[in-house]
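Here is how names work: the chains are called A, B, and so on, in the same order as the sequence lines, proteins then strands, and each is numbered from 1. This one's a predicted model, so the numbers in the text were calculated from it and none came from an experiment.
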Protein chains: 2
Amino acid sequence: MSTVTVIGAGTMGAAIAWRVIAGGNEAQVLTRRPVATAIPGAKHGAVGDPITGEIVVLALPYSAYDEVLAQYEGQLDGKVLVDLSNPVDAETFDGLVVPAGSSAAAVLAEAVPGASVLKAFNTTFGATLTTGEVGDQKTAVLIAGDDADAKAALAAVVEAGGLRAVDAGSLKRAHELEALGFLQITLAATEKTSWTGGFGLTS
Amino acid sequence: MSTVTVIGAGTMGAAIAWRVIAGGNEAQVLTRRPVATAIPGAKHGAVGDPITGEIVVLALPYSAYDEVLAQYEGQLDGKVLVDLSNPVDAETFDGLVVPAGSSAAAVLAEAVPGASVLKAFNTTFGATLTTGEVGDQKTAVLIAGDDADAKAALAAVVEAGGLRAVDAGSLKRAHELEALGFLQITLAATEKTSWTGGFGLTS
C-alpha cells in the first residue's frame, strides 16, 4: 500500500485524495485552513504537520508553493513530489508566469533538488478526476518526469483509483503539459469546451 | 463560395482539400511534384502556379516553407495564410525548432507580414480530418489568429466541410497549439494513443 500526502483540499486535492482512497491506498490531506467537510477515509492535518506519504501532491495554486515549501525544507528529500499547477498569469490571462520554454515543474525541481518531481494532473479538470471520464474516454492522467520509479509509483496509485495513467515522457514534457493545461482553461473559460470535459485522450 | 488553395497533397493536404470540396467550396491543390492520384473535384497544379484561393493552406513540412514561400513573394499579401506545421526537431525529437515561447506561426507571420496568418489543423491527425471524429467527439479544428475575419472565413469552410471549428484565441496561442501538436505526436509515437485518435475536444 502507498501513502499519498495531498497538500490542499480544493477541487483537485479532494478529487485526488478520493481516488487514492478508492484505489485502496492511504491519503493524508494537509491544508492551510481546516476543511469544512472531511474527506471520508482521509487522515486530515494541517500544513506543517509531518508528511507521512512517500508521494506528495501539491494541490495548491502555483502562487502558494513557496509559502508551503518553506515549511517543509529538507523534509521532501527522497519523496516523489507531484506538481499539478497551471501557472497562468492571472493579470494578463495571456501566458504563464514561468520562464519561456520552461515549466512550473522544472522550477520546482530546481527548488527541491532532493525530491523526484513529476508533472501530473494539470491536464485534467477536477470534475473529470471525479467522474472518471472525458467524453467516452477514461480520464487520462498524463505524467511527465525523469525518474521512472517515481512515475511508476504514481501511475500505480492512479490506475488503482480507476483512472488511466499515461507516461508522457521526461520532465521536459511538463512544458507541453502546461501549455495544454493553459489552452484547455482558455477554451473552457470561453465556452468552447466545458469544465466537466476538455481534451480526452483516446486509447 | 470560397476558394482554398492547399499547397501540398500529403495526408494532411489531401484530407483538407477533400473537406473543402465536401463543403461545397473550391480547392486548388498545388504540389511540388505531380500527384499519383488526383483528388476528385480539386483543381491540381504545380507550386509556382498562380494562387487562386483567398485562403492558402501550407500543408507542407515546416522545413519546406522557405523554399515554397520564395516562389510566392508578394503574392500572399491580403491572403489568409494557414500554418498547420508541427515544427518538431527531427534530430532530437525532444522539442521544436522554433524559438522558446514562440511558434512556427509567429515566425511565418514575420516572414509574410502582408498575409493574415492563422494556426490551424496542427492538433488533428490527418486520419481524424478524414473520419471526422476523435473518439465520440466531432473532430475539432482549433484556429488561432489575430484577424477575426480571417478566422471566420476559415471556420466557415471547416464547418461546411463537416468538422467543428473552434476559435482558440490570438496568434499567441499558436505556441500552445504547437505544444499540444508535439505532445500528441510523442504520445502516438509511443503508442499511448493512436494515429487515428489523439486528443478529442469535448463540446
Side-chain angles (χ1 to χ4, degrees), chain A residues 86 88 92-96 98-103 119 123 125 127-128 131 133-140 142-144 164-203, chain B residues 86 88 92-96 98-103 119 123 125 127-128 131 133-140 142-144 164-203:
Chain A
N86 281 305
V88 179
T92 65
F93 208 66
D94 194 31
L96 305 183
V98 294
S102 186
S103 65
K119 185 89 204 179
T123 63
F125 290 140
T128 69
T131 62
E133 53 191 25
V134 181
D136 67 340
Q137 302 296 319
K138 189 185 278 198
T139 299
L142 278 66
I143 306 172
R164 182 180 172 208
V166 174
D167 186 342
S170 72
L171 196 65
K172 241 187 124 179
R173 289 292 82 71
H175 177 76
E176 283 72 30
L177 295 183
E178 292 179 16
L180 170 54
F182 172 44
L183 177 70
Q184 188 173 241
I185 288 168
T186 67
L187 293 174
T190 55
E191 300 185 351
K192 308 298 189 325
T193 191
S194 76
W195 294 105
T196 56
F199 287 103
L201 183 66
T202 61
S203 55
Chain B
N86 280 305
V88 178
T92 65
F93 207 67
D94 194 32
L96 305 183
V98 294
S102 187
S103 65
K119 185 89 203 180
T123 63
F125 290 139
T128 69
T131 63
E133 53 190 27
V134 181
D136 68 340
Q137 302 296 319
K138 190 186 277 199
T139 299
L142 278 67
I143 305 173
R164 182 180 172 208
V166 175
D167 185 342
S170 72
L171 198 65
K172 241 189 125 180
R173 289 293 82 71
H175 176 76
E176 283 72 31
L177 295 182
E178 293 179 16
L180 170 55
F182 172 43
L183 178 69
Q184 189 172 240
I185 288 168
T186 67
L187 293 174
T190 54
E191 300 185 349
K192 308 298 188 326
T193 191
S194 76
W195 294 104
T196 57
F199 288 101
L201 183 66
T202 60
S203 57

### Query
Quick one: of L142(A), L96(A), V166(A), D167(A), who has the most non-hydrogen atom pairs under 4.5 Å with chain B?
D167(A)
### Query
Based on non-hydrogen pairs under 4.5 Å, which of G197(B), S203(B), G198(B) is most in contact with chain A?
G198(B)
### Message
With heavy-atom distances below 4.5 Å as the criterion, would you say the side chains of D94(A) and R173(B) are in contact?
### Response
yes
### Query
For the atom pair CD (Q137(A)) and OG1 (T193(B)), what is the distance rounded to the nearest 0.5 Å?
7.5 Å
### Task
Select, from G200(B), A100(B), G95(B), the one with the greatest count of heavy-atom pairs under 4.5 Å involving chain A.
G200(B)
### Task
Would you name the heavy atoms of E176(A) and L183(B) that are closest together and state the gap between them?
CB-CB, 4.0 Å
## Note on the structure
Given A168(A), G135(A), S102(A), the one with more heavy-atom pairs under 4.5 angstrom with chain B than any other is G135(A)
### Query
At a heavy-atom separation under 4.5 Å, does F182(B) approach chain A through its side chain, its backbone, both, or neither?
side chain
## Note on the structure
Correct closest heavy-atom pair for A179(B) and A179(A) would be CB-CB, 3.4 Å
#### Entry: Passing option when T202(A) is tested against T196(B), L187(B), V134(B) for side chain to side chain contact (heavy atoms under 4.5 Å, CB included)
V134(B)
### Summary
In short, K192(A) meets L201(B) closest at the heavy-atom pair O-CD2, 4.1 Å
